[in-house]
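Just below is one structure, and these are the notes that go with it.
Sequential numbering from 1 along the given sequence is applied to the chain's residues.
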Amino acid sequence: MSDAVLTSGRARPLGPAAPAALAAALSLGVAVAIGAAAWLEGETVALAILLATAALPVLIFVGAQTLRWQPGFAFPVGVALLVVQCATFRIRDIADKSIDIQILLKLACIGGMLLLAATALRPPRVGRAEQGVQPAGLFVWIAFLGYTILTSLYSVSPATSFIETVSNLAAFLYLWGLQRQLGADRLVRALIASCVVLCGLSLVAYVAMPELGRMADWVDGAFVPTSRLSGVFGTANAAGAAAAIGVILTVLFSGLGPRRWTYWAILAPMLACLVLTNNRMAVFAVALALAYVYLTRGGVALKLAVGVLTAGVLALLIANFGDAILGSLSRSGSAEEITSATGRSRIWAVVLELWSQQPLFGYGEGSAKFILPKHPLLFAAAAHAHNLYLNILFSGGIVGLGLFVTGLIMALRTAIARRDHALIALFVFECVYGLTEPSIGGLVSFLPISIYALAVLTYDPQTRRRAPAFAPGR
């Protein structure tokens with residue numbers, strides 16, 4: 001019975017994979033034995049070479065399956081790409097532009113996204129409908145990102161700006177490829193999963209590594225970590241925005257509901273990060289987005305009446321006790337911090353003044369961080385316009401802003417035509433949050449990735465009308 005095994009009293013032939021499995025088991029046993037001997041002898045170099053050699057076939061297999069867009073491999077690899085691309089695991093001076101292991105990993109992620117985007121050009125997998133002619137709106141977004149690459153050629157630092165702009169185009173094309181091959185649902189899950197991982201790592205860093213996980217600021221003449229979480233996102237504002245986006249995706253797109261423990265398990269690290277970042281604009285924008293969806297559930301007239309009444313009461317309170325209320329909302333205790341948008345109004349005035357000197361094509365992508373901090377009316381931390389629309393206007397001029405706004409309006413019109421209130425709510429968040437943060441600019445991170453995902457999801461050919469958010473039983 002050399003070619004069969006007994007199971008439940010019956011002989012079954014061994015499958016064709018049995019010899020391969022046996023050979024793999026023997027090879028693994030030999031590798032473990034050699035590795036143990038090398039460890040005992042202190043031959044660490046030999047051990048490292050052995051481990052790399054043993055891992056190579058696995059990496060080749062996983063890579064081949066990923067390039068074929070097999071869901072079991074492409075999905076976890078996609079999450080890993082997003083996490084590594086968006087995370088910052090080391091601290092160094094902002095002026096330090098040397099190449100280290102993290103930079104190499106991010107460059108590898110950019111290359112991986114471009115490679116996967118190229119393989120996604122083939123027909124979609126079984127079960128996914130062929131998309132045929134792509135919507136014009138997608139080409140507007142590609143034109144915008146392509147234009148930013150062109151502007152990098154005349155920026156202050158062309159090499160750095162070129163890599164940053166290519167990373168954004170690579171992310172957009174990769175998200176399009178993921179949606180095309182695996183579907184919109186898996187794209188949303190990948191974003192949620194990567195956000196959960198990033199928020200979880202940020203909470204660990206916040207507690208265990210304050211120098212990495214907390215925003216540093218001047219306190220009593222010393223530059224020390226504060227109570228604001230920055231985590232592995234790099235800044236507190238980036239962490240708060242990412243956490244807010246994760247909350248919106250989980251509540252409106254995941255298909256989960258408050259009756260499931262997984263719903264709260266996913267939301268918990270995101271909500272914790274959102275609170276610890278003390279990112280007021282992110283909290284306001286996510287509340288506005290969810291309030292919009294709440295309004296769409298019916299009883300709009302009554303809800304609007306209550307909203308107008310509440311706004312009127314708040315306006316009356318601010319008119320009489322404005323300084324005290326605004327001071328309590330500020331971090332410094334000064335009402336001027338709120339009225340000036342934490343000093344942003346000064347930056348906006350300088351940006352508009354400089355832009356008027358080069359209105360058509362701007363100063364080139366990434367130039368703001370070299371030009372604005374040196375302006376006599378600004379300061380070293382003014383590394384960008386602190387506004388999505390002004391940041392694009394400064395770097396790309398009227399042409400760049402025109403392409404971006406056109407792409408945004410076309411996508412929003414499509415979402416409205418489909419009555420996809422979840423997507424519209426995400427539009428609300430991105431547009432409102434962009435009033436105080438640049439969102440797009442620099443090496444691609446979670447916030448611009450969410451904007452590109454929004455555009456890609458809008459044009460998904462298999463998008464179905466979503467069930468109302470917060471529906472009972474969800």
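- Partners of Tyr363 by ring-ring contact (aromatic ring centres under 6.0 Å, His included), not counting sequence neighbours, listed by chain and number: Phe394.
- Residues in residues 436-446 take part in these salt bridge (Lys or Arg N to Asp or Glu O under 4.0 Å) pairs, two or more places apart or across chains: Arg344-Glu437.
- Legend: residues meeting ring-ring contact (aromatic ring centres under 6.0 Å, His included) with Tyr154, ordered by chain and number and at least two apart, are absent.
- Taking each heavy atom of Ile110 and Leu443 in turn, the nearest pair found is CD1-CD1, 4.1 Å.
- For the side-chain contact (heavy atoms from CB on, under 4.5 Å) test, residues two or more places apart in sequence or in another chain that qualify with Ala272 are Leu203.
- Residues forming a ring-ring contact (aromatic ring centres under 6.0 Å, His included) with Tyr206 (at least two apart in sequence, or on another chain): none.
- The side-chain contact (heavy atoms from CB on, under 4.5 Å) test applied to Ala244 returns Leu274, Ala282, Val286, Phe429, not counting sequence neighbours.
- Between Leu198 and Val232, the shortest heavy-atom distance links the atoms O-CG2, 3.6 Å.
- A donor-acceptor contact closer than 3.5 angstrom is absent between the side chains of Ser152 and Glu365.
- The line from CZ of Phe89 to CG of Leu212 is 8.5 Å long, rounded to the nearest 0.5 Å.
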Which pairs of donor and acceptor atoms, one on a side chain in residues 405-416, lie under 3.5 Å apart (sequence neighbours left out)?
| unit_1 | atom_1 | unit_2 | atom_2 | d |
| --- | --- | --- | --- | --- |
| Thr406 | OG1 | Gly402 | O | 2.6 |
| Thr414 | OG1 | Met410 | O | 3.0 |

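- Here salt bridge (Lys or Arg N to Asp or Glu O under 4.0 Å) pairs that include residues 391-410, with residues two or more places apart or in two chains, number zero.
- For Ser450, the side-chain contact (heavy atoms from CB on, under 4.5 Å) partners at least two apart in sequence or on another chain are Ile245, Glu430, Leu447.
- Between the CG atom of Leu276 and the CE atom of Met215 there is a distance of 14.0 Å, given to the nearest 0.5 Å.
- Among all heavy-atom pairs drawn from Leu388 and Pro438, the shortest one is CD1-O, 2.8 Å.
- Residues Arg419 and Thr296 form no side-chain contact, since every pair of their non-hydrogen atoms from C-beta on lies 4.5 Å or further apart.
- Arg68 CZ to Thr66 OG1: the interatomic distance, rounded to the nearest 0.5 Å, is 11.0 Å.
- Annotation: salt bridge (Lys or Arg N to Asp or Glu O under 4.0 Å) contacts involving residues 139-168, sequence neighbours excluded, comprise Glu164-Lys369.
- Residues Leu249 and Leu426 are in side-chain contact: their nearest non-hydrogen atoms beyond the backbone lie under 4.5 Å apart.
- The aromatic rings of Tyr389 and Phe404 lie tilted to each other, with the angle between the two planes from 30° to 60°.
- Leu81 is listed as a side-chain neighbour of Leu116, based on a closest heavy-atom distance under 4.5 Å.
- Residue pairs satisfying the side chain to side chain donor-acceptor pair (under 3.5 Å) criterion with at least one member in residues 187-198, sequence neighbours excluded, are absent.
- In terms of the ring-ring contact (aromatic ring centres under 6.0 Å, His included) criterion, Tyr147 has no residue partners (sequence neighbours excluded).
- Proximity of Phe253 to Leu423: side-chain heavy atoms (C-beta onward) are separated by under 4.5 Å at one or more points.
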